[in-house]
Amino acid sequence: MQKCTVALYGCGTVGMGVAQALLARGALNERIGDRVHLKYVVDVRLEEIRGVLQPPEGLVLTDDLAQPLDDPEVDAVVELFGGTTAARTVVERALAAGKDVVTANKALLAEHGDELFRLARAHGRAIAFEGSVAGGIPVIAAIRTGLVGDRIESIYGIVNGTCNYVLTRMLEQEMPYARALAEAQERGYAEADPRLDIEGSDSAHKLVVLARLAFGVNVRLDQIPCEGIAGVELSDLRYARALGYTLKLLVIGIRRGERLELRVHPALLRHDHPVAGVGGAHNAVCIHGSHVGEIVLTGLGAGRMPTSSAVISDIARIALGTYRTDFAALSPFGDVPDAHLVPFGEVETRHYFRLDCADRPGVLAKVANILGEENISIASVRQQEAAAPGEDVVPVVFMTHRAKEGAVARALDRINQLDVVRGERTRMLRVEDI
Ligand code: HSE
């Protein structure tokens, strides 16, 4: 049986899970035999890691990046450093040294995937990245193999466990945003810099990866309109719930003729949508294929062991020799065209607006007038009564029919300038009927 000797770079949340699972020689060894040999763990926290791993004979703990790359016995490098600096160097050097690469690094793939894939092919090697998108959900394998005969019409869903956890806890536990985020960090869901989660960049990185696989295009990160959940307020989650909607941070990719719509933002989904009930750190990815129709994949999208599961599956495919064939043959890993995107101003969705308004005659008429002038049709209006006698500012929630982003931006700008609108600004959430 051919052996696969592995060097693991980065022994943090996910790396530790992978190292422990490989050393335990559990299910993987039962399924594929005793092929995978973990020879190196590379990290600067040597003492801490030594204490947890209790390294058996034959496992080298080192902080020397070069040692495993110079070792001809190493067949595969597993990059779990994260970030795009040292990680990029390790991946480039590993490929140049003739080693296959496994990574869960969506930032690296989103920023440098195109050139790294080219480099891998030039060296006859492969990059596997199942852990980069939806934690333990094998969404990459599903698109790469299961749906290889389907034209993907759309792919959308929740791919950030931290944001889903925060939104779920805020609403269910009436928990402040900061506490929900601290819990997500304690559970090992969040990135080292949680702003990447909260501001939507992590989701955008993942959408770049999905767009290449699903639509066969190269897209730059800065081409994807991206909003996170940082400004979301509990009151909006409550109003939306009363109207029959749940808020989720979504990535959305849809074919529109020859163009693609790609975007990341919080969006309201009807309670009965299959993604609306997916809470906590779970992810959900819906794929519409030309033959299969719609499928929904759900599972834990963050955390040590779910993401380790995805990384180990890549290691197994590399060890079995099956992945390199796919990587060499399938078009999304080759030279792909640049994406032709629908400009964001042309994107159409329904909308939720919440205004804090003066409780006086003519206020709603002024707002409705602006919406009418911008060709935005109102689907419903709900005004709450004043919370206490004498209180003259009340929240009003408008739901609209479909309208273009450009028109909505203009309308909001005008509404925010009305003297009857109080508070910082009008809250706007998109409503998705996908
Ligand atoms: N920080 C990411 C998340 C981890 O919360 O989903 C998985 O990529």
Side-chain angles (χ1 to χ4, degrees), residues 10-18 78-84 87 102-111 113 128-141 155-170 177-213 221 224 226-230 232 247-252 264-266 275 278-286 297-314:
C11 201
T13 303
V14 178
M16 182 59 82
V18 172
V78 180
E79 183 282 305
L80 297 173
F81 274 163
T84 54
V102 173
T103 181
N105 191 331
K106 51 264 164 165
L108 182 69
L109 293 172
E111 288 178 28
F129 48 94
E130 187 64 67
S132 66
V133 171
I137 307 173
V139 63
I140 309 282
I155 183 162
Y156 67 93
I158 304 166
V159 293
N160 186 273
T162 300
C163 290
N164 205 28
Y165 185 86
V166 167
L167 292 173
T168 307
R169 296 290 283 173
M170 277 175 75
Y177 164 86
R179 206 169 117 215
L181 176 58
E183 271 192 14
Q185 288 176 282
E186 278 159 28
R187 288 167 175 249
Y189 302 147
E191 297 301 300
D193 177 357
R195 282 176 303 183
L196 289 171
D197 298 296
I198 295 307
E199 290 171 6
S201 319
D202 177 77
S203 297
H205 291 149
K206 292 167 177 171
L207 185 56
V208 171
V209 176
L210 288 177
R212 184 177 189 112
L213 280 174
L221 204 52
I224 297 184
C226 176
E227 288 171 26
I229 64 164
V232 167
L247 189 72
K248 297 293 180 190
L249 180 67
L250 296 186
V251 296
I252 297 173
V264 174
H265 52 72
V275 173
V278 176
H282 285 73
N283 284 190
V285 182
C286 302
L297 304 168
T298 64
L300 271 172
R304 170 169 289 171
M305 292 325 295
T307 312
S308 296
S309 160
V311 172
I312 292 164
S313 75
D314 277 342

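Both counts, for ligands and for their atoms, begin at 1 and track the order of listing.
At a heavy-atom cutoff of 4.0 Å, ligand 1 is surrounded by Lys106, Val159, Asn160, Gly161, Thr162, Tyr189, Ala190, Glu191, Asp197, Asp202, Lys206, Gly301, Ala302.
Counting only heavy atoms from C-beta outward, the side chains of Val311 and Leu80 approach each other to under 4.5 Å.
Pro138 meets the side chain to side chain contact (heavy atoms under 4.5 Å, CB included) test with Glu130, Ala141; sequence neighbours excluded. Residues forming a side chain to side chain contact (heavy atoms under 4.5 Å, CB included) with Arg169 (at least two apart in sequence, or on another chain): Tyr165, Gln173, Met175, Ala180, Glu183. Listed by chain and number, the residues in a salt bridge (charged side-chain N to carboxylate O under 4.0 Å, His left out) with Arg212 are Asp114 (sequence neighbours excluded).
The minimum heavy-atom distance between Ala204 and Ile224, with the atom names listed, is O-CD1, 4.1 Å.
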Please assess Lys106 against Glu191 for the test salt bridge (Lys or Arg N to Asp or Glu O under 4.0 Å), listing each intermediate value before the final yes or no.
CA-CA 11 Å; Lys106 51 264 164 165; Glu191 297 301 300; 3.0 Å; yes
